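Notes for the one structure printed next.
Atoms within each ligand, like the ligands themselves, are counted from 1 in listed order. The chain is numbered in sequence order, starting from 1. Computed from a predicted structure; not experimentally measured.
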Amino acid sequence: MEVVIAPGAELARIAADAIEALLRARPTAVLGLATGSSPLAVYDELARRHTEQGLSFARARAFMLDEYVGLPAEHPERYRNVIEKEIASRVDFAPGAVQGPDGLADDVIAACADYERAITDAGGVDLQILGIGTDGHVAFNEPGSSLASRTRIKTLTRQTREDNARFFDDDITQVPEHCLTQGLATIMAARHLVLLATGRGKAEAVHQLVEGPVSAMWPATVLQHHPHVTVLVDDAAASRLQLADYYRETYAAKPDWQHL
Ligand code: GLP
C-alpha cells in the first residue's frame, strides 16, 4: 500500500496522471468510477485534460461502484446522474460505455448478478477510484460487510445517511435507506485501487485503512490484502497516521521512473 500525503490539488493531479498514463497505454482501459465529493477534483482535472490536451475516453469503458435504490430516474442525486454530470458528459465516453448497478430494477438480485457479469465480460476494472466513508466504508460496504462480498443490496447506516444528507437538503429522511453496491471482493478484483481522502473527518478511517487490523468493522481495511493500492490523502486526513513521516520520506525519495 502506497500512502501519498500532499495538498488536495496535488492529489487530484496525481490520480489524473495515473488515469492518463493508463488511457494512453491502453485506450480500451476499464475505469472504476466513484461518487462522493472526494473524486470531484480528479474529474475536473480529467475533463480539463480532455478539453485542453485531447485526452480521450472514446474507447474506454467505466463501471460505477454503487447506486441508491429507488431514487427516481431523473433525481439529481441518483449516482448515475451524478456521474453523468461530474465526468461522463464532460469527456468523450461512447454511448453506453459507463454502466452502474440498476437501483430501479424490479429484480434486484438479478440486477446485481448482471452487473457482476458485465464487469467480468469487460475484462475487469483496470483502475478503480475510491473514496472512504467516515465509518470506513468503501462504495457502500458498511461495517459488518463480508470481506468476500459481491454486488448486492445493502442497508445504509445512520452515520452514512447523516453524512450524505448534505446532498438531500440536509434532510436525512430524503436519503434512501437501501443501495446496490459492488462488494468488497468485487472491488478487490480491480487491478489498481486509487483511494482519495481529505479532511480531518476521514483521519480515523484512513488510520484504520492503512494501519489498523483487517476487520469487517472497518471494511476498507480489506485493501491491505490488495497488491496495488495507492492512498492519496491531505495533511488533515493523514493526521492520525502513526507512520506519516515514513510515508512522506518514502514518497519524497521515490525514483522518477517508478509510477503509482
Ligand atoms: C458515499 C459513497 C462512497 C464514498 C463516500 C464518501 O457513501 N457511496 O463511495 O466514498 O460516500 O464520500 P465523500 O467523498 O463525499 O466523503
Taking atom CZ as the centre, does Arg158 end up with more than 12 heavy-atom neighbours from other residues, nucleotides or ligands that are less than 6.0 angstrom away?
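Count not over threshold, so no.
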With a 6.0 Å cut-off (strictly less than), is the heavy-atom count around CG of Asp106, excluding the residue itself, greater than 12?
no
Value rounded to 0.5 Å, distance of NE2 in His259 from OG1 in Thr230
12.5 Å
Looking at Asp114, Thr120, Asp121, which hits side-chain hydrogen bond (donor to acceptor under 3.5 Å, both in side chains) with Arg117?
Asp114
Option passing side-chain hydrogen bond (donor to acceptor under 3.5 Å, both in side chains) with His137 (candidates Thr160, Asp66, Thr181, Asp163):
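Exactly one pass, corresponding to Thr160.
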Nearest to [atom], what protein heavy atom do you find, and at what distance?
atom	result
atom 4 (C) of ligand 1	Thr35 O, 4.1 Å
atom 8 (N) of ligand 1	Asp66 OD2, 2.8 Å
atom 12 (O) of ligand 1	Gly36 CA, 3.9 Å

Under 3.5 Å: N/O of Thr160 near N/O of ligand 1
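N/O-N/O distance under 3.5 Å: no.
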Aromatic ring pairing Phe168/Tyr68, orientation class (parallel under 30°, perpendicular over 60°, tilted between):
perpendicular
Would you mind telling me if ligand 1 is within reach of the side chain of [X], the backbone, both or neither, using heavy atoms under 4.0 Å?
X	value
Ile132	backbone
Tyr79	side chain
Ser38	both
Arg161	neither

Determine whether a donor-acceptor pair (N or O, by modelled atom type, separation under 3.5 Å) exists between the side chain of Glu142 and the backbone of Thr157.
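Yes, the answer is positive, given that a donor and an acceptor are paired below the 3.5 Å cut-off.
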Hey, which atoms in ligand 1 end up nearer than 4.0 Å to a heavy atom of [X]?
X	result
Asn164	1 (C), 7 (O)
Phe140	1 (C), 7 (O), 8 (N)
His137	1 (C), 5 (C), 7 (O), 11 (O)
Lys202	13 (P), 14 (O), 16 (O)

For Arg152 and Gly183, which heavy atoms make the closest approach, and how far apart are they?
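Heavy atoms only, the tightest pair is NH1-CA, 3.4 Å.
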Where do Ala203 and Ser239 come nearest, in terms of heavy atoms and distance?
CB-OG, 3.5 Å
Could you check whether any heavy atom of Arg166 sits closer than 4.0 Å to an atom of ligand 1, since that is the contact criterion I want to use?
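Yes.
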Atom 9 (O) of ligand 1: of Gly131, Ala197, Ala139, the nearest heavy atom sits on Ala139
